[in-house]
Amino acid sequence: MYRPGKSTTADEKAVAVSPPVKRMGALSRFFDHFAAQVTTWAGSPVAFGCAVLAVGGWAATGPAFGYSETWQLVINTGTTIITFLMVFLIQQSQNKNSRALHLKLDELLIALKGADEAFVDAEQLDEDKLRALATACTARAHKLARRSRKEGRKGARQRTARRAPTRS
């Protein structure tokens with residue numbers, strides 16, 4: 001636990017000043033775990049093979065059903081339902097991955113000396129503030145590049161002057 005005046009780690013200080021974490025309910029934890037498992041499986045070669053077999057099986061039954069509208073409706077309905085449900089599962093996994101990535105980037109920004117801490121939690125900004133931050137970042141990058149080029153030319157001249165033979 002963080003106590004002012006006592007030697008503590010940065011992690012303990014961060015925990016002490018962090019807002020309380022909202023706990024996930026049992027249903028949310030189940031959905032999170034389920035979404036992670038399904039999206040991992042859905043991206044596997046086995047899932048792709050199952051999908052190919054299902055479509056192949058459906059296509060093979062076409063002559064038996066006379067390629068009727070009902071036969072076509074089966075594949076259309078099945079794929080629509082699966083797609084609809086997968087959107088939510090994949091979005092859950094993407095949201096979780098995005099939050100984790102932002103936390104890691106925020107940690108790097110906090111740890112780097114000289115980094116602009118305005119970028120911490122930048123993903124929480126509205127679109128106008130985010131564009132203003134991007135413009136400021138671009139201007140800063142151009143300024144640093146110009147300074148670097150100037151210093152590079154000055155350094156090159158100094159190196160050339162040191163190498164030039166002296167005539168006596």
Side-chain angles (χ1 to χ4, degrees), residues 1-52 79-166:
M1 183 73 186
Y2 173 65
R3 282 167 261 140
K6 300 283 183 179
S7 176
T8 56
T9 65
D11 290 338
E12 290 172 327
K13 289 177 186 175
V15 169
V17 295
S18 298
V21 176
K22 190 175 174 184
R23 301 258 184 226
M24 288 176 53
L27 185 59
S28 293
R29 276 194 306 277
F30 171 77
F31 181 68
D32 181 52
H33 180 71
F34 180 74
Q37 294 299 316
V38 170
T39 54
T40 299
W41 181 82
S44 71
V46 172
F48 180 75
C50 289
V52 168
T79 56
T80 300
I81 290 170
I82 290 169
T83 301
F84 178 75
L85 295 175
M86 285 301 293
V87 164
F88 297 103
L89 296 175
I90 292 169
Q91 188 62 52
Q92 161 66 13
S93 291
Q94 285 293 337
N95 290 345
K96 183 178 176 180
N97 288 341
S98 179
R99 280 191 307 272
L101 180 64
H102 285 289
L103 287 170
K104 291 173 184 180
L105 289 172
D106 289 348
E107 176 63 21
L108 288 173
L109 281 172
I110 292 166
L112 287 174
K113 291 181 180 166
D116 188 349
E117 291 185 9
F119 289 100
V120 174
D121 286 336
E123 67 277 5
Q124 304 297 328
L125 299 174
D126 63 31
E127 192 65 28
D128 291 335
K129 289 179 182 173
L130 197 55
R131 286 182 188 183
L133 189 60
T135 302
C137 183
T138 302
R140 185 173 157 203
H142 288 304
K143 182 180 175 182
L144 289 172
R146 281 192 301 274
R147 186 183 323 156
S148 178
R149 282 193 300 269
K150 272 185 185 177
E151 290 172 1
R153 284 190 295 251
K154 187 190 327 180
R157 276 189 241 121
Q158 289 172 348
R159 284 190 300 273
T160 303
R162 278 184 280 181
R163 280 190 242 145
T166 56

[X] and [Y]: which non-hydrogen atoms are nearest, and at how many Å?
X: Phe119; Y: Asp106; result: O-OD1, 4.1 Å
X: Thr79; Y: Thr83; result: O-OG1, 2.7 Å
X: Phe31; Y: Phe88; result: CZ-O, 4.1 Å

Using side-chain heavy atoms (C-beta onward) and a distance below 4.5 Å, is [X] in contact with [Y]?
X: Gln94; Y: Ile90; value: yes
X: Ile81; Y: Phe84; value: no
X: Arg146; Y: His142; value: yes
X: Leu89; Y: Met86; value: yes

Any chance you could measure [X], atom [atom1], to [Y], atom [atom2], to the nearest 0.5 Å?
X: Leu133; Y: Asp116; atom1: CG; atom2: CG; answer: 7.0 Å
X: Arg149; Y: Leu144; atom1: CZ; atom2: CG; answer: 11.0 Å
X: Gln92; Y: Ser28; atom1: CD; atom2: OG; answer: 8.0 Å
X: Ser148; Y: Lys143; atom1: OG; atom2: NZ; answer: 14.0 Å
X: Asn95; Y: Asp32; atom1: CG; atom2: CG; answer: 10.5 Å

Aromatic plane relationship, Phe30 with Phe34 - under 30° parallel, 30 to 60° tilted, over 60° perpendicular: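 Correct class here is parallel.
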
May I have the list of side-chain donor-acceptor pairs in residues 123-131 shorter than 3.5 Å, sequence neighbours left out?
unit_1, atom_1, unit_2, atom_2, d
Glu123, OE1, His102, ND1, 3.2
Asp126, OD1, Asp128, N, 3.3
Asp126, OD1, Lys129, N, 2.9
Glu127, OE2, Arg131, NE, 3.4

Selection residues 35-49 - residue pairs positive for side chain to side chain donor-acceptor pair (under 3.5 Å), sequence neighbours left out: Thr39-Ser93

